[in-house]
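Atoms considered below: every heavy atom in the structure, side chains included; atoms not considered: hydrogens, waters and symmetry mates.
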Amino acid sequence: MKKKEIFQKIQKTLNGVQNYKNSKIVEDQLIIEFQIEGAKCKTSIRCQHFGKIYLVNPPVNKLLIENFENEFETVLFDDVKKFYNNDFTLCVGSGQLDLNSLLPEYRIESEKDCIEYCEKFKNHIKEVINIFFYPMSDITNIGKYVAKFDYVDNLKVLVGGKFPVHTLKKIFLLKKGNQIERYLEYKKGFEEQIESFSIRKPNRKDEAKIFMDNYISLVRKLEEENTFP
């Protein structure tokens, strides 16, 4: 059995799954697309080959909300946009989700193993659609998800882009999701981080000022909106 055959069997299994759009094989990954109103959703799995053994990694799930990304990009300064990308609004590995259909790294050595994996994956992806993709197509719920993590753990939340943009996006999401207590915590954390950034990297002091100015501008726009309770 070859890697391509494994992926093709998984693709065949997905026929008829709700919201399934299409899938493609890209080197050692199978990328699966789902269409949910308001969001573009993808699940990817990687298959590694070790002799006669194939190891399929746990799924990684990405969701993109274009309307949100378009709005967020407008609040970024031109000099800060180089740290931004709109590949996804939220990325969460299946192992981080509260699911009944756990799907850890899976070992495939035979046709029987492959058939069993396909069935497990089909059940798993149905649950991912209902438990993750549908709820997270609402920005409010993404804000609630970000709020589960305090600022010191904020790097555990993947929202795309590099520093400082990924942190600014989380602040944006928290405010849009009306998670005010955590929003205020992230504001304080970001301000302290930029202050220490200037000290740790004096050669980027001018850049740090741009980051802070963009942050101040973003917060001003957010707090002009009437979303506080």
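Here SG of C118 is found 7.5 Å from NZ of K9. Values are rounded to the nearest 0.5 Å. Atom CD1 of I171 sits about 13.0 Å away from atom CZ of R182, to the nearest 0.5 Å. Interatomic distance, I142 CD1 to I65 CD1, rounded to the nearest 0.5 Å: 4.0 Å. Atoms NZ and CD1, from K209 and I194 in turn, are 12.5 Å apart once rounded to the nearest 0.5 Å. In this structure, F7 CZ and L30 CG are separated by 5.5 Å, a value rounded to the nearest 0.5 Å. To the nearest 0.5 Å, the span separating OH on Y134 from CG on N141 amounts to 14.5 Å.
By the 4.5 Å heavy-atom criterion applied to side chains, K122 and L14 are not counted as neighbours. Contact of the F88 side chain with the C91 side chain is registered, since non-hydrogen atoms from C-beta on lie closer than 4.5 Å. Looking at heavy atoms from C-beta onward, F172 lies in side-chain contact with F68 at the 4.5 angstrom threshold. Contact of the R107 side chain with the I53 side chain is registered, since non-hydrogen atoms from C-beta on lie closer than 4.5 Å. Annotation: side chain of I129 is not in contact with side chain of Y20 (no heavy-atom distance under 4.5 Å). Side chains of V92 and V157 form no contact here, defined as non-hydrogen atoms less than 4.5 Å apart. Looking at E127 and N100, their side chains come closer than 4.5 Å, going by heavy atoms from C-beta outward. In this structure, the side chains of E116 and Y106 come closer than 4.5 Å at one or more pairs of heavy atoms.
The two residues R204 and F197 make their nearest non-hydrogen contact at CZ-CZ, 3.6 Å. Taking every heavy atom of both residues into account, G143 and Q179 meet most closely at O-CG, 3.5 Å. Across Y186 and D150, no two heavy atoms sit closer than the pair OH-O, 3.7 Å. Nearest heavy-atom pair, L99 versus S94, reported as atom, atom and distance to 0.1 Å: CD1-O, 4.1 Å. Closest approach of E37 and S137 over heavy atoms only: O-CB, 4.1 Å. Of all heavy-atom pairs spanning A39 and L63, the tightest one is CB-CG, 4.1 Å.
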Run T43 and N61 through side chain to side chain donor-acceptor pair (under 3.5 Å) and show every step you take.
CA-CA 4 Å; T43 293; N61 311 292; 2.8 Å; yes
May I have the step-by-step check of ring pair (Phe, Tyr, Trp, His ring centres under 6.0 Å) for F83 and F211, ending in yes or no?
CA-CA 11 Å; F83 302 104; F211 295 167; 5.6 Å; yes
Verdict with supporting geometry, K201 and E207, salt bridge (charged side-chain N to carboxylate O under 4.0 Å, His left out):
CA-CA 10 Å; K201 300 182 179 182; E207 193 174 36; over 6 Å; no
Between I10 and I45, does the side chain to side chain contact (heavy atoms under 4.5 Å, CB included) criterion hold? Intermediate values first, please.
CA-CA 10 Å; I10 296 170; I45 52 174; 3.6 Å; yes
Show, in sequence, the C-alpha distance, side-chain angles and deciding distance for L90 and K62, and conclude whether the side chain to side chain contact (heavy atoms under 4.5 Å, CB included) test is met.
CA-CA 6 Å; L90 182 64; K62 295 180 180 180; over 6 Å; no
Criterion side chain to side chain contact (heavy atoms under 4.5 Å, CB included) on I115 and Y117, from CA distance to verdict
CA-CA 5 Å; I115 292 170; Y117 176 81; over 6 Å; no
Run the side chain to side chain contact (heavy atoms under 4.5 Å, CB included) test on L168 and L76 for me, step by step, so that the C-alpha distance in whole Å, both residues' side-chain angles and the decisive distance to 0.1 Å come before the verdict.
CA-CA 9 Å; L168 294 176; L76 297 177; 4.2 Å; yes
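No hydrogens or angles considered: a donor-acceptor pair under 3.5 Å links the side chains of T89 and E69. No side-chain N or O of Q35 forms a donor-acceptor pair with one of N19 less than 3.5 Å apart.
Remark: side-chain polar atoms of D113 are paired, donor with acceptor, to backbone N or O of E109 under 3.5 angstrom. In this structure, the side chain of K170 engages the main chain of N154 through a donor-acceptor pair within 3.5 Å. Between the side chain of H124 and the backbone N or O of S101, at least one donor-acceptor pair lies under 3.5 Å. Under a 3.5 Å cut-off, the side chain of K42 and the backbone N or O of I31 do not form any donor-acceptor pair. Listed for the N70 side chain is a donor-acceptor partner under 3.5 Å among the backbone atoms of E66. Between the side chain of K144 and the backbone N or O of G177, no donor-acceptor pair lies under 3.5 Å. Not one N or O on the side chain of S217 forms a donor-acceptor pair closer than 3.5 Å with the backbone of D213.
Neither L158 nor V128 shares a network with the other; the hydrophobic side chains, linked directly or stepwise wherever heavy atoms of I, L, V, M, F, W or Y lie under 4.5 Å apart, form separate groups for each. V60 and I36 fall into different hydrophobic clusters, where Ile, Leu, Val, Met, Phe, Trp and Tyr are joined by side-chain heavy atoms under 4.5 Å apart, directly or via other members. In this structure, L103 is not a member of the same hydrophobic cluster as L55, with clusters built from ILVMFWY side-chain heavy atoms closer than 4.5 Å. Transitive grouping of hydrophobic side chains (ILVMFWY, heavy atoms separated by less than 4.5 Å) keeps L155 and Y183 in distinct clusters. Under the 4.5 Å side-chain contact rule for hydrophobic residues, F121 and L102 do not share a cluster.
Between K175 and E223 there is no salt bridge, since no side-chain N of the basic residue sits under 4.0 Å from a carboxylate O of the acidic one. Comment: K40 does not engage E33 in a salt bridge, judged by the lack of any side-chain N to carboxylate O separation of less than 4.0 angstrom.
Residue-environment remark: CD (E195) stays at or below the threshold of 12 foreign heavy atoms within 6.0 Å. The 12-atom threshold is not exceeded at NZ of K4, counting heavy atoms of other residues, nucleotides or ligands nearer than 6.0 Å. Heavy-atom neighbours of D98 CG from other residues, nucleotides or ligands within 6.0 Å: at or below the threshold of 12.
For an aromatic pair to be called close, the ring centres must be under 6.0 Å apart, and Y145 with F149 satisfies this. Between Y215 and F190, the distance separating the two ring centers is shorter than 6.0 angstrom.
Across E192, E185, E191, a single residue satisfies salt bridge (charged side-chain N to carboxylate O under 4.0 Å, His left out) together with K188, and that is E192.
Ring geometry for F72 versus Y84: interplanar angle of 30 to 60°, hence tilted.
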